[in-house]
Amino acid sequence: MSRGMVVDFAVHQPDREDGGIPNPHFHVLCPIRPIEQDGKWGLKQRRVYELDEDGNRIRDQNGEFVFNAVPTTDWGSPETLEYWRQTWAELCNAKFAEKELDVRIDHRSYERQGVELLPTVHEGATVRAMEKKGIRTEKGEFNRWIRATNAVIRDIKKKITLLFDWIAEAKAELAKPQAPDLVSLLNAYYTSRRAGAYSQKGKVSNLKEMNETFNYLRANGIYSLEDLERRVSEHSAATESLKKTLDEQTARMKAIKRLYDSSAAFQSLKPVYDGLQKIKFEKPRAKYKAEHETELKQFYAARRKLIGEFPDGKVDMKKLSDEYDELEQAHETTYGEFKAVRDDLHRLWKVKSCVDTAARFNERTEEQKLQNRPQTRHKKEELSR
């Protein structure tokens, strides 16, 4: 208020988001035009004319003075927005800490946080209302795809981290004198399972599983913990590569969607622009511009984005549509590769579980041997007396 800003805000508290997550929130509408001390709206920007070496204003090829539009406030600058967002995050986190809540928010994007997830797109009130009624939308479908992909990425990265930690522990254990190797531990595991199987069906099932496990390890050249670590490292590298591919695909798909919006805006606002071109005299043109300022700005913005994609001015939306379809198919392929990595990590996780079980069995056996040895010596001493 001391700087002349008046804001409006709206509190929204929809019952539930997708998946049953409460989503209370509010929107703050901040102007970039200040209120002056007399209560009137101030200017958003002022003109700073370019001058020649003699201090005279420079004219362009149409005879108009060349100037730069300089904002009268810093409210529209990225730095100010960053400061506001950071301050709001700090206020929220301080309140969470005060209430001893184990939750925090971060104003930075996933990329800036170093979070290896794909960001969703903003859906807006209209799309969310349609989705709530069961009407599936393009943005909703896109975000469902993003969330499913992120779930796979999280699962893969979690498995990779846990497997690397376990391999480090297992290698340290196997480095001890006379410790069994990977194959020996797996043999011990399945031998123990066969011994504990009471039915013929159980024994056959154990043999089948053992055969599948050893065939899998043999087919992938895994004979030691070093081989297993190499396999997990390959999956880690593959995950990073696939994630980079998905990032590129997702970014381009979002860009195409924005171009769809720009094309729609261009088509709907072109009559307003055409109306301006029909007016030849300056005063009527100025009046028309003032009356249609918002529409013309939106039209020019849409046109700039389309020209950025199609420099020759020939807008080909079919080409963009075909590219989007290709990207969707490419995503399906990439997603399938992600699932293949996850499935293989599940196989490796099964190997880990078998080795852990066998290692625990060996430890118990050794402990029992150590406990029995002193007792045996003690009995022999009593007999000799």
Between atom NZ of Lys244 and atom CD of Gln249, what is the distance when rounded to the nearest 0.5 Å? 13.0 Å

Which pair of heavy atoms, one from Arg230 and one from Asn220, lies closest together, and at what distance? NH2-O, 3.5 Å

Could you tell me which residues satisfy salt bridge (charged side-chain N to carboxylate O under 4.0 Å, His left out) with Lys95, sequence neighbours excluded, listed by chain and number? Glu98

Would you please test Lys270 and Phe299 for side chain to side chain contact (heavy atoms under 4.5 Å, CB included) and show each step? CA-CA 7 Å; Lys270 194 171 186 303; Phe299 173 82; 4.0 Å; yes

Given the options Glu328, Glu326, Glu309, Arg252 meets salt bridge (Lys or Arg N to Asp or Glu O under 4.0 Å) only with Glu309

Heavy atoms, side chains only, cut-off 4.5 Å: are Phe96 and Asp102 in contact? no

Taking all atoms of both residues into account, what is the closest heavy-atom pair of Tyr288 and Leu276, and its distance? CE2-N, 3.5 Å

Closest non-hydrogen atom pair between Arg231 and Asp344, with its separation: NE-OD2, 3.0 Å

From Glu141 atom CD to Lys139 atom NZ, the distance as rounded to the nearest 0.5 Å: 14.0 Å

Counting neighbours of CD on Gln277 that are heavy atoms of other residues, nucleotides or ligands and sit closer than 6.0 Å, is the number greater than 12? yes

Could you tell me the separation between the CE atom of Met253 and the CD1 atom of Ile146, rounded to the nearest 0.5 Å? 7.5 Å

Looking at Arg46, I'd like to know if its CZ atom is crowded, meaning that more than 12 non-hydrogen atoms belonging to other residues, nucleotides or ligands lie closer than 6.0 Å. no

Kindly indicate whether the side chain of Leu327, heavy atoms from C-beta on, has any atom under 4.5 Å from the side chain of Ile256. yes

For Trp41, I'd like to know if atom CH2 has over 12 heavy atoms of other residues, nucleotides or ligands within 6.0 Å. yes

Taking every non-hydrogen atom, the tightest pair across Leu306 and Leu259: CD2-O, 4.1 Å

Residue pair Thr239 / Ser236, side-chain donor-acceptor N/O under 3.5 Å: no

Distance-minimising heavy-atom pair for Tyr260 and Tyr324: OH-CB, 3.9 Å

Is the closest side-chain donor-acceptor distance between Asn68 and Arg47 under 3.5 Å? no

Can you hop from Val66 to Val48 via hydrophobic side chains spaced under 4.5 Å? no

Set out, in order, the CA-CA distance, both residues' side-chain angles and the distance that settles side chain to side chain contact (heavy atoms under 4.5 Å, CB included) for Leu348 and His235, then state yes or no. CA-CA 11 Å; Leu348 293 173; His235 284 324; 4.1 Å; yes

Do side-chain atoms of Thr245 reach the backbone of Ser241 as a donor and acceptor pair under 3.5 angstrom? yes

His27 vs Val11 side-chain heavy atoms within contact, under 4.5 Å: no

Could you check whether any side-chain heavy atom of Leu320 comes within less than 4.5 Å of a side-chain heavy atom of Phe310, counting everything from C-beta outward? yes

Out of curiosity, Trp349 CH2 to Lys158 NZ, how far, rounded to the nearest 0.5 Å? 8.0 Å

Give the intermediate values and the outcome of side chain to side chain contact (heavy atoms under 4.5 Å, CB included) for residues Lys257 and Phe142. CA-CA 11 Å; Lys257 283 185 173 294; Phe142 189 78; 4.0 Å; yes

Quick one: does Asp54's side chain have a donor or acceptor within less than 3.5 Å of a partner on Asn56's backbone? no

Are Phe9 and Ile105 connected, step by step, through hydrophobic side chains (Ile, Leu, Val, Met, Phe, Trp, Tyr) whose heavy atoms are closer than 4.5 Å? yes

For the residue pair Met5 and Ile35, establish whether any side-chain heavy-atom pair is separated by less than 4.5 Å. no

Single-linkage hydrophobic cluster, 4.5 Å side-chain cutoff, Ile307 and Leu269 together: no

With a 4.0 Å cut-off on N to O distance, would you call Lys314 and Asp312 a salt bridge? no

Does the pair Thr161 and Asp165 meet the rule for a side chain to side chain contact (heavy atoms under 4.5 Å, CB included), with working shown? CA-CA 6 Å; Thr161 300; Asp165 291 343; 4.0 Å; yes

Gap separating the CZ atom of Phe67 from the CD1 atom of Ile58, nearest 0.5 angstrom: 13.5 Å

Should Tyr300 and Tyr273 count as side-chain neighbours, where that means a heavy-atom distance under 4.5 Å? yes

Any heavy-atom pair between the side chains of Leu29 and Val7 that's under 4.5 Å? no

Looking at side-chain heavy atoms only, is the closest gap between Glu50 and Arg57 below 4.5 Å? no

Any donor-acceptor N/O pair, Asp52 side chain to Gly55 backbone, under 3.5 Å: yes

Should the heavy atoms of other residues, nucleotides or ligands under 6.0 Å from OH of Tyr83 be counted, would the total exceed 12? no

Rounded to the nearest 0.5 Å, the CG atom of Leu43 sits from the OG1 atom of Thr72 at a distance of 6.5 Å

Glu90 and Gln86: CA distance, side-chain angles, deciding distance, side-chain hydrogen bond (donor to acceptor under 3.5 Å, both in side chains) verdict: CA-CA 6 Å; Glu90 291 171 352; Gln86 180 179 349; 3.2 Å; yes

When clusters are formed by joining ILVMFWY residues with side-chain heavy atoms under 4.5 Å apart, either directly or through shared neighbours, do Leu162 and Leu345 land in the same one? yes

ring-ring contact (aromatic ring centres under 6.0 Å, His included) against Phe164, all qualifying residues, sequence neighbours excluded: none

Return the minimal non-hydrogen interatomic distance between Lys243 and Phe338, and the atom names on each side. N-CZ, 3.7 Å

